[in-house]
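Inspection log for the structure reproduced underneath, given as structure tokens.
Side chains are part of it too, since the values below use all heavy atoms of this structure and drop only hydrogens, waters and symmetry mates.
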Amino acid sequence: MNKCCEISLIGRDLARFDPVAIDQLDTTARLEGMGKVVGLPDLHAGNGIAVGAAFWSPDRIWPHLVGSDIGCGMALWETSLPVRKFRVSQVGRRLQGLDDPWEGAMEAALSAAGLPASLASPSLGTIGGGNHFVEFQRIEDVLDTDRFAALNVKADRVLMMVHSGSRGLGQAVLQEQLARTGKSGLMASEPEAKAYLLGHDQAVTWAIVNRRIIAQRFMDAIGVSGSCILDIVHNSVTPHDSGWLHRKGAAPADRGLVVIPGSRGDFSYLVEPVPDFAEKSLVSLAHGAGRKWSRNDAHARLSRRYRSSDLQRTKLASHVICEDRRLIFEEAPEAYKDIAGVIADLEAAGLIRAIARLRPLLSYKTRRHD
């Protein structure tokens, strides 16, 4: 067995980390050529790879550490809709047909982003399943008045967060690579790695285009306009410190503002990374609250206690549109960690300044019955 490289955990109480996720980090830290591994406060067990983690190697790339949803991330938009005019029932009624294929100029949108027309897909402009969502929010409170004022964000406008990824393209890129080389690390200087990075980078760009189209579709549906405040990717591999930084469910701390969502029934936070301390976390931050229970556990626990209709309203009085009966239990707020604790861990480590707290108004996942 290879020697374990350095593992750092970001959190005030390390005993609160899931032992299964820690074991997964340890396994990854023993990969030949691994240089450093970081577990963030939202760390939880994944499908063999811990989620909420960053991995750095001086010379190798592991596609399976990035995973199948290459380019998945969060975009935050400021809409033209004043909070005082937001009506949940009215907005909900207008959100129709958004799981259907986008009817816009797909090849033109891809071309404008430097992508080949061959990457056109019926899934472009759609959210997808799992933990992906679109959420309308309002600013609950401003935590750093000076920094908030400098952003020129209007405190009285409805915000919209989009969480989605590469919708099957990343899966295809990963599966093609695994079929050729398995889970072996690729020497970054070799042609095999360069070929993977080409597909990876296209999937990242595709995911960014996807989030932009999703945002436009939702704004068009309710008759508003908007502007993008940020778009961050939390599944990727990028050059860093003369090596390669893999993020698996980890937001970048070197790309400006970051939005860190709670569960669909909890607050989200707009934060600013603190560069002075970024290296202790491999220039990475938590990408959300992180799961407390697996999907199967969440469904088993909660389907005995609630009806699906009970989960369409949250403790914050926000509304949820999710017509997939299993998914609404799997993604229930109780299945996630406390986002306030995650933010407090990041602040205690000196990694962020919290700028504003965002309250959910309406979360959209799917209207389809699977």
Side-chain donor-acceptor distances from residues 112-119 under 3.5 Å, at least two apart:
none

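Side-chain atoms of Leu282 and Leu245, non-hydrogen and from C-beta on, do get closer than 4.5 Å to each other. Counting only heavy atoms from C-beta outward, the side chains of Thr126 and Arg167 approach each other to under 4.5 Å. The shortest side-chain heavy-atom distance between Leu95 and Phe136 falls under the 4.5 Å cut-off.
Taking the centre and axis of the six-membered ring of Tyr336, the NZ or CZ atom of Arg291 falls inside the cone set by 45° and 6.0 Å.
A donor and an acceptor atom, one from each side chain of Ser123 and Ser121, are located under 3.5 Å apart. Side chains of Ser284 and Arg247: a donor-acceptor N/O pair is present below 3.5 angstrom, by distance only. For the residue pair Asp69 and His132, a side-chain donor N or O sits within less than 3.5 Å of a side-chain acceptor on the partner. Checked by atom type, the side-chain pair Glu176/Tyr196 shows no donor-acceptor distance below 3.5 Å. A side-chain donor from one of Ser363 and Glu135 sits under 3.5 Å from a side-chain acceptor of the other. In summary, the side chains of Gln177 and Thr181 do present a donor paired with an acceptor at a separation below 3.5 Å, with no hydrogens or angles considered.
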Applying side chain to side chain donor-acceptor pair (under 3.5 Å), run through Tyr269 and Glu140 and close with a yes or a no. CA-CA 10 Å; Tyr269 287 78; Glu140 176 75 359; over 6 Å; no
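Ring centers of Trp62 and His246: under 6.0 Å apart, within the cut-off. Two rings, from Phe218 and Tyr364, have their centers less than 6.0 Å apart.
Ser68 places no side-chain N or O within donor-acceptor distance of the main-chain N or O of Gln171, the cut-off being under 3.5 Å. In this structure, Lys365 contributes its side chain and Gly130 its backbone to a donor-acceptor pair below 3.5 Å. The backbone N or O of Ala120 lies less than 3.5 Å from no partner atom in the side chain of Glu107, so there is not a single donor-acceptor pair. Here the side chain of Gln24 pairs a donor or acceptor atom with the backbone of Gly46 at under 3.5 angstrom.
Using a 4.0 Å cut-off between a side-chain N of Lys or Arg and a carboxylate O of Asp or Glu, Asp99 and Arg367 do not qualify as a salt bridge.
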